Every structure is written in structure tokens, then in C-alpha cells.
There are 2 protein chains.
Amino acid sequence: MAWDTERTKRLLLDAATTEFSEHGLAGARIDRIAAAAGVNKERIYQYFGRKDDLFAAVLAHRLRGSMDEVPMLGAGPGAVGDYAGRLFDHHLADGVIPRLVFWEGLERGPATAADAARAAYHDEKVERFRELLPGVDRAAAGELLLTIVSLVNAWPVLGHLDAFLIGGGSAGAGDRAVRRRAVLVESATALARDAIAVAAAAAENAASTPRGVPAASVRRVSEVQ
Amino acid sequence: MAWDTERTKRLLLDAATTEFSEHGLAGARIDRIAAAAGVNKERIYQYFGRKDDLFAAVLAHRLRGSMDEVPMLGAGPGAVGDYAGRLFDHHLADGVIPRLVFWEGLERGPATAADAARAAYHDEKVERFRELLPGVDRAAAGELLLTIVSLVNAWPVLGHLDAFLIGGGSAGAGDRAVRRRAVLVESATALARDAIAVAAAAAENAASTPRGVPAASVRRVSEVQ
DNA sequence: TTCAATTACAACCGTTCAGTTGGAAATGAC
DNA sequence: GTCATTTCCAACTGAACGGTTGTAATTGAA
């Protein structure tokens, strides 16, 4: 039979995605990945290089997918909440991204910023946020996006805390997801509105006192409001 | 010289805390822990049992610390924001708890609910939340606490995303922490206020239409507001 | 002083792991 | 068909790992 190297690579990448999602970089077993893919493990080294490289390939592949599949739609601060909700849905359906993101955060050093495509993607999202939120600077928009990303990714990983915090109450997991999605959309929208308000107050403040205004007095606006 | 078994145990627990925080359960090395503590590794098995048990001991010890050191003070929804802020401060100063929490979520199965002391602690916190938030039911209070816990713990772990989202901008890490703390306090307070509003609307709704009200119509209140 | 229990440690053990090798089977260009 | 190249795999390697063991030192109570 003819070789089908693309299929082999795909089988390996899929198996590796599952393995790394479940066990992380240190806990993953090359042999298990090869066995699950039905492929000799030597292929892994030929196609992807070392274990770390395979992990990086899995991460890049999967994140790229989520980047493309969750566009930002609409206008105004409500669009931020809407985006958060759809990101939530996507991660919930996907099942592996949140775990991969946190494995990455925990196991890889802070010097992963070399991924140019990823940086470009995030840049674009932040810029889209800024279009939705008049007057908001890059840092504030980045903070907002980070807050949303943190919440959306943390929840599936911290599912074991549900037993403590929510208890074996009446609501099932599905019902809880609906509830949490609503909370997320709402708070993302609220935070977006607030970011606009803070930016407006800061601009006005800057106009009246041109320079040397301590940052704390600007930030305070968001606390008082 | 006389034995000092308590000191030995403490040295091991401290070294294990650092090791597990950095590398997780699968990535941690027993030999490294023993070496860092300056203690023979056989002592680990004598005092703490297997690797998993040592991890559990580290987790219990450290979480117990954070439980006792961050009390809930004040009254009203502002107290929720205040609590979130102090939890943020504590985790920031501690440095290992967020990582341990996420290692636990990723590496241990969902059946960790056997820890009675921990469940009791969380129960108490949720009840304190309910005292602060009139009318809010257990599930909603639990959700709110989980949101706060998620944000506070996720941020230090996802620090590698800063490079993408915030960029090597003008603000240093310390300045960013101040900013994020303000955002956290503010949003926690806002969510607490909202939880009260939702509960009040639900109660009124229940009074006018005694039974059979679909949960969605109640939830909608928080989205519209 | 005796002695059982505890603490400590170096050396060890069986297993598992990431990564390699040597060679067979298949491919495609000529 | 020839042959260099690529795909594939079973078997291998050397190191590292979690966990144990045999034994010596120390303790405190009898």
C-alpha cells in the first residue's frame, strides 16, 4: 500500500493532543502516544523532533484552530461580552484547550513569546477590542482580554473545586455551564463598559492637568464609580 | 546531637512545596526534594508515604495557611471586593498557591472531594458570602466565590500570556499587578451587587408566579440589567 | 546497662522512560 | 530494472526514576 504520511502525522498529532491535554508535558508518555496513534514511536522523532517540540506543535495546532473559529462580531461593549460567551462555548466544546493553556503556563518558562503568529493574533484581538471600546488604550484592552481568557480557561481546569464550592446540589453540570456562561457574558460586558468610562475620565483628567498626574488618581475613578 | 524530627519534616515539606509548585506531581523529582532539604530521601517515605501523599500533604498544608490568613471582613457587596483584593495580595506574596491549585486541577482526578476540612472551609466562606449578600442562594454565592478564586489563581499561572496581551509596554510587572488588583476588586464588587439584584428579581418573580417559572427568565434579569 | 524502638543514610533494585539504531519495505525518478 | 531516498518498525540503550533494604547511630525507658 502507498505511504500516507499526512495521515500518520495527523494520527500522531491527535493522539499527542489527547495525551498532553490529560497528562501535561512531564506526565505524557511517548510510547502511549505512539500506541494510541497505532504508529511506531520513531515516527514522532522523525516528524516532530523531541518531546518538547511535539508539545509545541500540539499547542500551535490547537490554538490556531481556536483563533480562527472564534471571530469577534458586532459593535460596542456588548460585543465583548458576546465574544466572551462564544469563546466559552468553543472551549467547552473543544475540551482540551483550557488544559493545554494551563499546562503551558505551568510547565514552560516565561520565554515562549517567540511565537510570532500567536503574538500577531493576540495583537489583532486587542486591536479589535480597542475598536469596540472608544478611548481605551492598549494596556487596558489587553487586561480585559486577559481577564476573559483567564476565566474561560480556568473554569474547566478548576472543575474539581465545584465539589467544594457548589456542592452536589440540584443543578447538573450542564445547567451550571449555562449559569456560568451568563455570568461571564454579563461581567465581560460590564468590564468593557467600565474600561470606556475609565478611559474617558482619564482623558478629561489629562486635559485639565496636562502632565505629572499620578496614575493612581486615574485608576481611582474605576473604584469609585 | 539530639534528633529534631519536626525540623526534618518541615525541611522536607518546604522543599517539596517548592519542587511541586515548580514542576507539578509528574515533573517533581523525589531526589531533588531530598537534596534541597539536605535530608535522605528515605525519610520522605517514612514520614509522608508515596509521592502522591507528599503532594497531598503539601497542598493541605499550604491551602490551610491561606484559609486562615485571609479572613472576610466588613459588610455588604464591597466586602466581597475587599476579600478578593486581599486574596489577590496573599496569593501574590505567597507565590506557590496558584500554581499548586492548578497542578491539582490538572493532575488529580475530580475525586478529591474527600478532604473534609477543605470542604468545611469552603462551606464557611460561601456562608459568609451569603451573609454579605442578602437573598443570594448557595449556588450563586458559590459561583461568585469560584469566579474570584479562578481569577486570583489564574493570573500568576498565565503570566506567560502577558507577553502576548500586554506586551513589553511601559508598565512594569509591579505596576500591572496594581492595575489588575484594582480591576479585580471592582469587578468582584460589581458581581456581588449583581448577584443581589438577580436574587431580588427572582424572589419577586416567584411571588407573582408561584411555581413553574423557567429558570431562564430569572437569569435574563442579570443580562438585561 | 540493657534493649526495643526510632532515626538516619548509603547503596541498591526493578522498572520505565526518552531517544537511537540498523535494516527491511516501499517509493519514485531515470 | 536500477538506485537513491523515504517510510516504517522492532529491538535496543543508557540514564533516570520511585521506592526499598540492610545496617549503623541514637534515643529513652526499664
Side-chain angles (χ1 to χ4, degrees), chain A residues 1-61 99-100 103-104 106-109 112, chain B residues 1-61 99-100 103-104 106-109 112:
Chain A
M1 199 186 19
W3 301 130
D4 190 347
T5 69
E6 285 311 311
R7 179 175 166 274
T8 304
K9 286 181 190 174
R10 204 189 59 244
L11 287 172
L12 282 172
L13 205 58
D14 287 350
T17 302
T18 308
E19 179 73 11
F20 282 127
S21 165
E22 279 174 16
H23 302 103
L25 179 57
R29 297 292 165 247
I30 297 283
D31 292 281
R32 266 201 304 248
I33 294 172
V39 169
N40 190 279
K41 75 169 171 173
E42 178 266 356
R43 287 290 85 199
I44 293 174
Y45 293 95
Q46 206 56 232
Y47 290 141
F48 298 99
R50 321 181 83 81
K51 199 186 187 186
D52 311 20
D53 301 331
L54 179 58
F55 185 77
V58 163
L59 212 63
H61 176 253
R99 295 180 61 89
L100 289 176
W103 284 123
E104 184 196 22
L106 288 168
E107 297 198 301
R108 311 233 298 182
T112 321
Chain B
M1 198 184 24
W3 301 130
D4 189 348
T5 69
E6 285 311 311
R7 178 175 166 274
T8 305
K9 286 182 190 174
R10 203 189 61 242
L11 287 173
L12 282 173
L13 205 58
D14 287 350
T17 301
T18 307
E19 179 73 10
F20 282 127
S21 165
E22 278 175 16
H23 303 102
L25 179 56
R29 297 292 167 248
I30 296 284
D31 292 282
R32 266 200 304 246
I33 295 172
V39 169
N40 190 278
K41 75 168 169 174
E42 178 265 358
R43 288 291 85 199
I44 293 174
Y45 294 94
Q46 206 56 232
Y47 289 141
F48 299 99
R50 321 183 83 81
K51 200 186 186 187
D52 311 19
D53 302 330
L54 178 58
F55 185 77
V58 163
L59 212 64
H61 176 253
R99 296 180 61 89
L100 289 175
W103 284 123
E104 184 195 21
L106 288 168
E107 298 198 300
R108 313 234 297 182
T112 321

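What you see is a predicted model; the values in this text were computed from it and never measured. Each chain gets a letter, A, B and so on, in the order its sequence line appears, and its residues count up from 1.
Judged as a salt bridge (charged side-chain N to carboxylate O under 4.0 Å, His left out), and not counting sequence neighbours, B:K51 has no contacts.
Between A:I30 atom CD1 and A:K41 atom NZ the span is 7.5 Å, to the nearest 0.5 Å.
Taking 4.0 angstrom as the limit, B:T8 places a side-chain polar atom (N or O) nearer than this to OP1 or OP2 of C:dA8.
Atom pair B:D4:CG and D:dT26:P shows a separation of 15 Å (rounding to whole Å applied). Residue B:K51 contributes atom NZ, which lies 8 Å from atom C1' of D:dC17 at whole-angstrom precision. Look at CG on A:D52: it is 17 Å from P on C:dC17, rounded to the nearest Å. Regarding A:K9, its NZ atom lies at a distance of 12 Å from the P atom of D:dT6, rounded to whole Å.
Contact detail for A:L106 and B:R99: the closest heavy-atom pair is O-NH2, 2.8 Å. Taking every heavy atom of both residues into account, A:A34 and A:L12 meet most closely at CA-CD2, 4.5 Å.
In the region residues 24-48 of chain B, proximity to DNA chain D at under 4.0 angstrom, judged on heavy atoms, holds for B:A28, B:R29, B:I30, B:D31, B:K41, B:E42, B:Y45.
A:I33 places none of its side-chain heavy atoms less than 4.5 Å from the side chain of A:V39.
The ring-ring contact (aromatic ring centres under 6.0 Å, His included) contacts involving residues 4-52 of chain B comprise B:F20-B:F55, where partners must be two or more places apart or lie in separate chains.
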